[in-house]
**Q** 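I have a structure here, written as structure tokens, and I will follow up with some questions on it.
Residue numbering restarts at 1 for every chain, and letters A, B, ... go by the order of the sequence lines. Below, all heavy atoms of this structure are taken into account, side chains as well, without hydrogens, waters or symmetry copies.
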There are 2 protein chains.
Amino acid sequence: MATGRTHRPATRSRGIPEATVARLPLYLRALTALSERSVPTVSSEELAAAAGVNSAKLRKDFSYLGSYGTRGVGYDVEYLVYQISRELGLTQDWPVVIVGIGNLGAALANYGGFASRGFRVAALIDADPAMAGKPVAGLPVKHTDELEAIISDNGVSIGVIATPAGAAQQVCDRLVAAGVTSILNFAPTVLSVPEGVDVRKVDLSIELQILAFHEQRKAGEDAAQESAAQESAAPAPAVSGGADRRKGPDGDVPAVMPA
Amino acid sequence: MATGRTHRPATRSRGIPEATVARLPLYLRALTALSERSVPTVSSEELAAAAGVNSAKLRKDFSYLGSYGTRGVGYDVEYLVYQISRELGLTQDWPVVIVGIGNLGAALANYGGFASRGFRVAALIDADPAMAGKPVAGLPVKHTDELEAIISDNGVSIGVIATPAGAAQQVCDRLVAAGVTSILNFAPTVLSVPEGVDVRKVDLSIELQILAFHEQRKAGEDAAQESAAQESAAPAPAVSGGADRRKGPDGDVPAVMPA
DNA sequence: TTATGTGAATCCCTTCACAGCC
DNA sequence: GGCTGTGAAGGGATTCACATAA
């Protein structure tokens, strides 16, 4: 792929926007539920509600996949399930390894959502020799020494890292060297990987921090002055001997927006 | 432009873009690491590298908070740590409850990242009477019956849902009724909540599915025809008696990139 | 000279609104 | 009539590039 600009703006082969890809699993889950209730067809409106998005967005998303609906009727549930599964690559088997079998790793190993959608846990790997052989979620934990062999024997291309932060980069390097090209990282670290390797990050505490931000704002609507008061308690910047030169986004005046 | 639903421009009280808010925890983590190494100042370039973003983006992000840097020098680490913490609301104490103490709930309860950043686990709650009283991460698990009392006694405004999908909405309703206004949802369901309640969703299997999509594309570069072959095996759409009217994004012609 | 802070340009995503087909 | 599929408009976010300040 040529990094270059698209000489064909329309009709790009597989030009599915990243934002759309991220929503396909949502649609798939909603569709699977409908399928289990033997619902034959669904409208964009209904499906969008079930997936928690709006219908225009959903139709636009599906338009990148092709014209899989019927005007005046809606979408055939089974057919869409198949098409989205195929698009996501879930019609094939993906062996994954989970490295780091602490609380989180064990939770992941037991998580039903993995196995149910084309993912197969090929092995659980931990650095602690005491863990070796112990069964977790029905699988015996393997020692890190076997990592490379497991990956090549099973053709693993997706690895899940659930180790402490300190071990994550090292594990990542070994996974990549052994042939893994996609990594789901639960460790609170930025991983550096060579070009061509995908990393997705799930960070539990970051999500909470984002919630706290919004929560604070809700509370702050009543007492908008509070944060200004807090700011006065800030440690002075060490650099450039100290006149109070810090300025908030709205200066020091009360931050009231003209609606 | 009539039909305007949003009476509020939404998400603009302090004017910090949502995308920026989502990155502040990343910066904060990188800064904390620098702080622990007693690094006094850092440039946007260095900090951006540590956080895994590019420096222009970082500077733009910080510009929404205020002018906290020094031209020609960089940012004072301690000062920035404080400012970002304050902006995120981490200078105050946030009691949280975790509902659903299975593998994942236990993992969350043990997760150090929570306690370390202004979050305090006020209680662990589970519906299983057999769990009640059992210690997890040093806290005795409480029964769901006590949910409302725990929330009001502790002034909990943030709840974490780690129950099975089937129980999630019900738990959510009770949390909200009891006064919780921010929810971090690990259950694979779309929660419906009243206006004013924030929900963030973490879905482990969705992340894997997104990885699988990209992984498939990597593999497909060698054998681009394969997916066309698979498409022929698709179940025919049930709707509208059967002529082969399905069309992929490029019709039926082989989807080969000019590349 | 160095590195921040920020208008301006660009890119991407979302939403609108309606043409097209059932 | 109903609902999909999609150009076009609109809004955000990212990136560029340079004026600005230490």
**Q** Take the protein atom CG of Leu58(B) and the nucleotide atom P of dT15(D), then report the distance between them rounded to whole Å.
**A** 12 Å
**Q** When you match Asp61(B) and Gly72(A) each to their closest nucleotide on DNA chain C, which lands nearer the 5' end?
**A** Asp61(B)
**Q** Can you check the Arg59(B) CZ to dT20(D) P distance for me, whole Å?
**A** 16 Å
**Q** Look at all strands and tell whether Tyr75(A) reaches a base, only sugar-phosphate, or nothing, counting heavy atoms closer than 4.0 Å.
**A** sugar-phosphate
**Q** Does Asn54(B) make a side-chain N or O approach to OP1 or OP2 of dT14(D) shorter than 4.0 Å?
**A** no
**Q** If I take atom CG in residue Asp76(A) and atom P in nucleotide dT4(D), what distance separates them, rounded to the nearest angstrom?
**A** 13 Å
**Q** Is a donor on one side and an acceptor on the other found under 3.5 Å between the side chain of Gln169(B) and the backbone of Ser192(B)?
**A** yes
**Q** Which residues in residues 20-29 of chain A have a heavy atom closer than 4.0 Å to any atom of DNA chain C?
**A** Arg23(A)
**Q** With distance as the sole test, does Thr32(A) use its side chain to make a donor-acceptor pair with the main-chain N or O of Leu28(A) at under 3.5 Å?
**A** yes
**Q** Which pairs, with at least one residue in residues 35-60 of chain B and sequence neighbours excluded, count as a salt bridge (charged side-chain N to carboxylate O under 4.0 Å, His left out)?
**A** none
**Q** What's the closest nucleotide to the Ala19(A) side chain, out of dT6(C), dG5(D), dT14(C)?
**A** dT14(C)
**Q** Would you indicate what Glu45(B) reaches in the nucleic acid, counting non-hydrogen atoms under 4.0 angstrom: base, sugar-phosphate, or nothing?
**A** nothing
**Q** Any donor-acceptor pair, under 3.5 Å, between the side chain of Arg71(B) and the base of dT20(D), if you only look at N and O atoms?
**A** yes
**Q** Would one find a side-chain N or O of Lys57(B) under 4.0 angstrom from OP1 or OP2 of dT15(D)?
**A** yes
**Q** Find which nucleotide of DNA chain C each of Lys60(B) and Ser44(B) is nearest to by heavy atoms, and output the residue with the more 5' nucleotide.
**A** Ser44(B)
